[in-house]
Colleague: 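Handing you this structure, nothing more for now.
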Number of protein chains: 2
Amino acid sequence: MGKVTSKKKERAASTSPRRTRDTEATKAQILNAAEEEFARHGLSGTRTEAIAAKTGVTKAMIFYHFGNKEKLYRAVLKRPCSDVIQAFETLDLEQQTAEVALSRLIRAAIEYCVAYPHRGKVLFHEANQNQGRYFQKEGGWQPAIDYISNLLERGVAEGSFRPLDPFITTAHIMGICSFYFDARENLKYAAPEKDLLSPDMVQAHIDGAIALVIAGVKNH
Amino acid sequence: MGKVTSKKKERAASTSPRRTRDTEATKAQILNAAEEEFARHGLSGTRTEAIAAKTGVTKAMIFYHFGNKEKLYRAVLKRPCSDVIQAFETLDLEQQTAEVALSRLIRAAIEYCVAYPHRGKVLFHEANQNQGRYFQKEGGWQPAIDYISNLLERGVAEGSFRPLDPFITTAHIMGICSFYFDARENLKYAAPEKDLLSPDMVQAHIDGAIALVIAGVKNH
DNA sequence: TTACAAACTAACTAGATGGTTAGTTATATC
DNA sequence: GATATAACTAACCATCTAGTTAGTTTGTAA
């Protein structure tokens, strides 16, 4: 990070309550609180005061550490896509058949949605309110889309997948993985007895998504 | 509608500019403008002044005709689901095999997204900001989900579809249809040469969605 | 232990925002 | 064509919000 710190503060930034002053911990806490608030209300709808309240720090700290609301928003947008790509890259997909690789990728994508439940929503707001301008500046979805498209093209080239439009199919796969979470609060009323975030239901979502997509793209 | 009007005003409410005073036309214009604004910013993020500006009528008219922002929001939420069901019901799906019925339903769902590009977004905000409370009061997605689930179950019972979880698969199908539009502004950067709303691209979306889902659920 | 810079707070400001109100104009009906 | 009333406007108010500022506390290192 360039900065040399003599004593490394090991306090978990996101969970434990702040006790003393600690730049990195405070910034991380503001970022996490901001991610949640931006997920609910988007850039313009989010109140800096609400972020501050979640952080346990005064509103002025947001401006002290991040300059203004927009810069904080951009900092929040930096994290999603690079984290997804990182998750994909630990899977060694090149070593697998296209079919196995696609199954693993879908599982990883859904598990990512579970691990970071706010990020899909932040990006929705971003598309909606700001036409994706800020997200585009931070790299956008390009790497993730390329990653999935390339995998699909490989499957088609190898003959294990039927001919398909890689871009459209990538969009369909992203929709399959994320809609379940993004629309969760509307879906829950249609299945009141189920907890959509329980491990069992998430597993059913993963299994169903893999079954649908693999059967859907396979060369039968 | 209960009210007797001697002369029916035939001016198209949504498009042509207002010229004289006309309750129904004004209310419809406010509703359409509100749908757009709520789609971008959700309930809390939407500024009544912005709705007024789009309508060409003063802000006070919103309160005159709808009482307050929340009541206007609820009026906007009344329209989406009933319109989808109506679209489904004109398709005579019971007369078709499950496979043909599902194909037609997907086409109709996507065409609905094209016809009313804001409604999916309004519902996303609703899920996100208000945990779907208001939408639930207006009926929610229940009828649409039931409609699709029943169709899937019929296909499974007939043996033309493989065994599958109807609820999960319904969510996947909804995601396939709507993500393309809801994330459009983020997707467009990944395919800058394409106009995602052009008839050709929408047709490719429809074809791809049908191909993926039908192959994905079929008993091979 | 003292001195200093970074981290932090409380109180504030200018401008926006939901909602109101008092008054104005169009329109249907007699 | 007079008139009652529904449709509408302009100006207003109380409250809220992004961002600022002046001053206080804390860790650190000489």
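Both backbone and side-chain heavy atoms feed into the values below; hydrogens, waters and symmetry mates do not. Chain letters run A, B, ... following the sequence lines, proteins first and then strands; every chain starts at 1. Just so it is clear, the model here is predicted, and its values are computed rather than measured.
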Colleague: Check the distance between dA6(D)'s P and Met61(B)'s CE and give it to me in whole angstrom.
Modeller: 13 Å
Colleague: Can you tell which of dG19(D), dC8(D), dG19(C) lies closest to the side chain of Thr26(B)?
Modeller: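 Minimum distance to the Thr26(B) side chain belongs to dC8(D).
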Colleague: His172(B) and His205(A): side-chain donor and acceptor closer than 3.5 Å?
Modeller: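 There is such a pair between these side chains.
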Colleague: Pick the closest DNA chain C nucleotide for Glu70(B) and for Ala60(A) by heavy atoms, then say which residue is nearer the 5' end.
Modeller: Ala60(A)
Colleague: Under a 3.5 Å threshold, yes or no: a donor from one side chain and an acceptor from the other, between Gln203(A) and Asp207(A)?
Modeller: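 There is such a pair between these side chains.
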Colleague: With a 4.0 Å cut-off on N to O distance, would you call Glu36(B) and Arg40(B) a salt bridge?
Modeller: no
Colleague: Determine, using ring centers only, whether His125(B) and His125(A) are less than 6.0 Å apart.
Modeller: yes
Colleague: Measure NZ/Lys71(A) against P/dG19(D) and give the value in whole Å, please.
Modeller: 10 Å
Colleague: Please check if any side-chain donor atom of Tyr73(A) sits under 3.5 Å from a side-chain acceptor atom of Glu126(A), or the reverse.
Modeller: yes
Colleague: Any donor-acceptor pair under 3.5 Å between the side chain of Lys69(B) and the base of dG19(C)?
Modeller: no
Colleague: Which whole-number value in Å describes the distance from Gln29(B) CD to dC8(D) P?
Modeller: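 From Gln29(B) CD to dC8(D) P: 10 Å.
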Colleague: In this structure, how many angstroms lie between the C1' atom of dT21(D) and the NZ atom of Lys59(A), rounded?
Modeller: 12 Å
Colleague: Looking at DNA chain C, which of residues 38-51 of chain A put a heavy atom within less than 4.0 Å of it?
Modeller: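 Residues of residues 38-51 of chain A that come under 4.0 Å of DNA chain C do not exist, since none gets that close.
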Colleague: Choosing from dG19(D), dG19(C), dT9(D), which nucleotide comes nearest the side chain of Asn68(B)?
Modeller: dG19(C)
Colleague: May I have the distance from Glu37(A) (atom CD) to dT17(D) (atom P), rounded to whole angstrom?
Modeller: 12 Å
Colleague: Using whole Å, what does the distance between atom P of nucleotide dG18(C) and atom OH of Tyr64(B) come to?
Modeller: 21 Å
Colleague: Between dC8(D) and His65(B), is there an OP1 or OP2 to side-chain N/O distance shorter than 4.0 Å?
Modeller: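 Looking at the OP1 and OP2 atoms of dC8(D), one of them is under 4.0 Å from a side-chain N or O of His65(B).
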Colleague: If we count only N and O atoms by modelled type, under 3.5 Å, do the side chains of Tyr116(B) and Arg79(B) hold a donor and an acceptor together?
Modeller: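 No, because no side-chain N or O of Tyr116(B) sits under 3.5 Å from a partner of the opposite role on Arg79(B).
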Colleague: Are Gln131(A) and Arg184(B) linked by a side-chain donor-acceptor pair shorter than 3.5 Å?
Modeller: no
